[in-house]
Enquirer: 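The following block contains the structure, expressed as structure tokens.
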Amino acid sequence: MNPPPLPTIDPSPVPAIRVDGLCRQFGQIRAVDGLSFSIAKGQVAGFIGANGAGKTTTMRILATLEYPTSGVAEIMGINVMDYPAKVREMLGWMPDNFGTYDNMTVIEYLDFFARALGYRGKERRERVEEVMEFTELDKLHDRLINKLSKGMGQRLCLGRALIHDPQVLILDEPAAGLDPKARVELRQLIRILAQEGKTILISSHILSELGEMCDTLVFINAGRVVHHGTAESMKRHGMETAVVNVALVGDPAKLEEWALLSPQVTFLQSTKNGGRIEIGDSSPEVVSNVLRRMVLDGLAVTEFRREERNLEDAFIEMVGKLDREAGGK
Amino acid sequence: MSRMKLPESVFTDFSDSIGPMVVKELRQGLRARSFTWAFLFVQLLLLIFMVGGFVESSDSRDTAGSFWFLLQVALLVVMPLRGLNALNVEVKLNTMELISLTRMSAWRITVGKWLALMSQSVLLAIAVLPYIVLRYFFGGMNVVAELVLLLVVIGLSGLVTALMVGLSVVSNFLIRCFFTVPVLILVFRFLGESVYRVSRGDGVAPFNLEWEAWLCIVPAAIFLGCYLLDMAASRIAPEAVNYVTRRRIAALCCFGASLVLSHFWAVPAALLLSFSFLGLFAIDALSEHPPTVSSVYEPFRRLPGGRILETFFAPGWCSGTWFIFLLSALMAVAALLSPQAWISSDLDSAGMSIAMILSVTASLMLPLAIMLLSRPTHPEPVVSYCLTGIFLVTIAVSMMPFVERGDLPGLIQLVVLLPPLSIFAIFRESVGSHEPLMFSVVQVLVLLFSVAVVLWKNLRVRRAMAQARREDLSV
């Protein structure tokens, strides 16, 4: 398996994607409600939220396909509303479902988009060949596109979005409906693109994959940002206590005795070499202080591993909490 | 890893100078069953007709009727009707968005669709040339006349195809039928007459028109085709792209030219065109939401007198209202300046001409007012506008017999309230000589009501935009 991508973050102050106070109203429904976030150049950002949270609307606004009711959306510092043509030159958009044409082969499809994007002659041929090679569609070049599998269709859609080598990619649910093998292949393609330094905003319901791929996650609910940070920070978001697995050399009962005498520490469960303890404050300073006290008190600690929630658990907990808050109001 | 060798033909089958949309449509269209079957069917039937005709008689005039009937059905009905789904199918398949994200403008997309369909029609026409040669070989054929007819049919096919491509942005089936059926009726009338004449050996069909009429019809047909395609392009273009201003300027020029023609040369065709165009321009100008993107208005604000230009030429139904009033005012001036060429040739007085123009304008404005009051945020305002218009016309048509009878004097008061019916009443002279003033007053009241609704709704749009602007500034 490939190693996780190294983020190549451009230090220039203009973010690749900037959304500020974005609102989009459909009749009485406010799909996006004052959304604000920014993604630095070269970052891979995951865009998550429950169905109807406003992800697709926001992505469509960024892709110049929808107009906001108010607020600002910029790609590479250029306003998407005022200069859609300029933004489109820098942007690759992959929708959650793309229509297929009748009577058109894979290579003709890509050739059409290369022509439409202004490539001529040899350059056009090279771009099409390069994209087909990258997406490994070259073996299927003469296949009619309405006969492609879902996975191959998604590859073709990604290939189309890459024809003009855009700096920013917006991918809406690219893995939806794919089998595990196709998902892994798509993830690998996205990793390569990330290594090339492209800024990618990707929405998905498969959060574990997003956690692996993304430098940052933007979690939205009811059109507003709920959390923006790394996958780790999201896992810890809202956790008031920390649960730690501890292993010792010697008698494991020493850990229970030590916990009884220590403030902020509760012994939860014995294990073969130690036990699980709960620390009353989840902040890294307090957790590290507990470890230091253990060592100072003479416990021979061989393992001190903080238990993490996975992203799905964190997501469900956060959505549940927001729903409860909304219900309370 | 070495690259797999891809077939050369895909990259070289169409030159770079051909538009991408044309290439795509031709690749798809030439493989489409509707084209291949139409092509084979025409060839097969022509072959049967030719062989059958020449076995029975050696005169090619006997086969001319069936030859032209078949060709015209293919070129004027089958091929244009394929355009009826041209843009709508892209919208339904979610592919229009992907195309619009490329460098292709909405205009190039629309014209590409039309050109591809026309290329296939021309291909079909070229494929029947051997049969024309065959008929010439057997004698009794006016070659020049038939070639002119072929050119006219191709030209007409282009116009009908443009209309169908233009209509293809409208998703509503009823609206499509409403505009398609009358066109097809006209096409079949042309077809019937041309087939009859050509089989009599007269050659070019109903073309015994004066040259002044041709002077109106040919440029008008070209203008109309371009206008319809531009109108369709405008509906698929992003909100920030303004196609409306250039179209309105062209419309104003065309309208002015037709009025000048009718004034100086008293060409009735110019007059008829003016009225027809007014209806088309109104459907276009009054069935478009005002854009909420500020960059659309900026070019007007940079120009001296830009505010005035914005009032008439900015996109949206509000400026559309003033634009239609401008055209109506021009029409009224022309009616007063040259009554001999105008409506008063059919009506009693210039006053009646003015009443007529007011009725036409009110007929065009009332659906907008109703639309803004009932469904102001309809995603496809053209559908809402046209359906309202059709509803009003249906009521008018159903009331016509009462007006025709003229034995219900009280009804005339009610009739004039409904502008489409008042047009009919004026034409049928179902009103007395003292009625023009009453007609005019009531139509002015209808117009004032419509303008009040437009201004009120426009104020709300402006307020919403100002609010959004304030929110943007606070961001």
Side-chain angles (χ1 to χ4, degrees), chain A residues 20-23 27 34 36 60 63-65 67-72 79 81-85 88-89 91-93 95 97-105 107-122 124-125 128-130 132-133 138-139 141-142 157 160-161 163-164, chain B residues 1 3-8 10-14 16-21 23-25 27-33 89-105 108-109 112 238-241 291-296 298 377 464-465 467-472 474-475:
Chain A
D20 205 346
L22 200 71
C23 293
S36 299
R60 285 176 58 80
T64 73
L65 296 169
Y67 286 92
T69 311
S70 64
V72 177
N79 192 308
M81 284 173 76
D82 292 337
Y83 306 99
R88 286 167 184 187
E89 287 174 16
L91 184 90
W93 159 249
N97 62 329
F98 88 109
T100 54
Y101 286 119
D102 289 332
N103 304 318
M104 189 178 256
T105 62
I107 194 166
E108 285 173 347
Y109 182 78
L110 291 174
D111 179 68
F112 161 60
F113 279 100
R115 283 172 186 263
L117 286 159
Y119 291 101
R120 299 279 174 264
K122 201 179 159 197
R124 170 164 55 86
R125 187 192 175 122
V128 172
E129 284 181 343
E130 205 172 300
M132 290 191 82
E133 190 186 0
D138 38 8
K139 294 177 200 80
H141 65 85
D142 56 353
C157 199
R160 180 202 48 75
I163 282 272
H164 58 305
Chain B
M1 198 175 80
R3 264 184 198 173
M4 189 176 166
K5 187 80 182 158
L6 294 170
E8 184 71 24
V10 181
F11 299 106
T12 54
D13 58 351
F14 288 95
D16 278 336
S17 55
I18 303 174
M21 205 65 202
V23 174
K24 173 196 160 271
E25 289 296 316
R27 279 176 179 161
Q28 283 185 279
L30 293 175
R31 285 186 197 133
R33 280 186 189 167
V89 77
E90 299 273 5
V91 175
K92 275 186 189 164
L93 286 173
N94 281 335
T95 45
M96 183 56 84
E97 288 187 344
L98 302 182
I99 298 173
S100 64
L101 286 175
T102 65
R103 286 182 198 168
M104 266 196 300
S105 63
R108 282 185 70 197
I109 294 170
E239 214 176 318
V241 180
T292 51
V293 185
S294 58
S295 60
V296 172
E298 275 165 20
T377 54
M465 279 178 71
Q467 173 69 23
R469 188 102 186 127
R470 276 197 296 276
E471 283 178 26
D472 285 356
S474 67
V475 165

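Numbered from 1 within each chain, the chains take letters A, B, ... in sequence-line order. A quick note: this is a predicted structure, and the numbers were derived from the prediction, not measured.
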Enquirer: Where is the tightest heavy-atom contact between A:R115 and B:I18, given as atom of each residue plus distance?
Expert: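 Closest pair (atom of A:R115, atom of B:I18, distance): NH1-O, 4.3 Å.
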Enquirer: Is B:I99 in contact with chain A via its backbone, its side chain, both, or neither, using a 4.5 Å heavy-atom distance?
Expert: both
Enquirer: Taking side chain as everything from C-beta outward and backbone as N, CA, C, O, which of these in A:A85 sits under 4.5 Å from a heavy atom of chain B? Side chain, backbone, both or neither.
Expert: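 When you check distances to chain B, no heavy atom of A:A85 falls under 4.5 Å.
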Enquirer: Checking B:A32 now: which residues fulfil side chain to side chain contact (heavy atoms under 4.5 Å, CB included) with it, not counting sequence neighbours?
Expert: A:N103, B:S34, B:R82
Enquirer: To the nearest 0.5 Å, what is the distance between CG (B:D16) and NZ (A:K122)?
Expert: 14.0 Å
Enquirer: To the nearest 0.5 Å, what is the distance between OG1 (B:T102) and CD (A:E89)?
Expert: 11.0 Å
Enquirer: Within this structure, what is the CG-CD distance for the pair A:D82 and B:E298, rounded to the nearest 0.5 Å?
Expert: 6.5 Å
Enquirer: Say you draw a straight line from CG of B:L101 to CZ of A:R160; how long is it, rounded to the nearest 0.5 Å?
Expert: 7.0 Å
Enquirer: Report the distance from atom CD of A:E108 to atom CG of B:D13, rounding to the nearest 0.5 Å.
Expert: 7.0 Å
Enquirer: Among A:L65, A:D142, A:L91, A:T64, single out the residue with the greatest number of heavy-atom pairs under 4.5 Å to chain B.
Expert: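 Heavy-atom pair counts peak at A:L65.
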Enquirer: Specify the closest pair of heavy atoms between B:L98 and A:F113, including all atoms of both residues, with the distance to one decimal.
Expert: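 That would be O-CE2, 3.7 Å.
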Enquirer: Evaluate the side-chain proximity of B:V23 to A:F112: yes if any heavy-atom separation is below 4.5 Å, no if none is.
Expert: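 When only atoms from C-beta onward are counted, B:V23 and A:F112 do not touch, as no gap falls below 4.5 Å.
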Enquirer: With heavy-atom distances below 4.5 Å as the criterion, would you say the side chains of B:K24 and A:Y109 are in contact?
Expert: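 No, side chains not in contact.
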Enquirer: Out of B:E97, B:R108, B:M104, which one racks up the most heavy-atom pairs below 4.5 Å with chain A?
Expert: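 With the most close heavy-atom pairs to chain A, the winner is B:E97.
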Enquirer: Inspect the surroundings of OH in A:Y83 and state if more than 12 heavy atoms from other residues, nucleotides or ligands are less than 6.0 Å away.
Expert: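 Not more than 12 within 6.0 Å, no.
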Enquirer: How close do B:S100 and A:R88 get, heavy atom to heavy atom, and via which atoms?
Expert: O-NH1, 2.6 Å
Enquirer: Among A:I163, A:V128, A:N79, A:L117, which residue forms the greatest number of heavy-atom pairs with chain B at distances under 4.5 Å?
Expert: A:L117
Enquirer: Tell me, do A:Y101 and B:E90 make a side-chain contact under 4.5 Å, heavy atoms counted?
Expert: yes
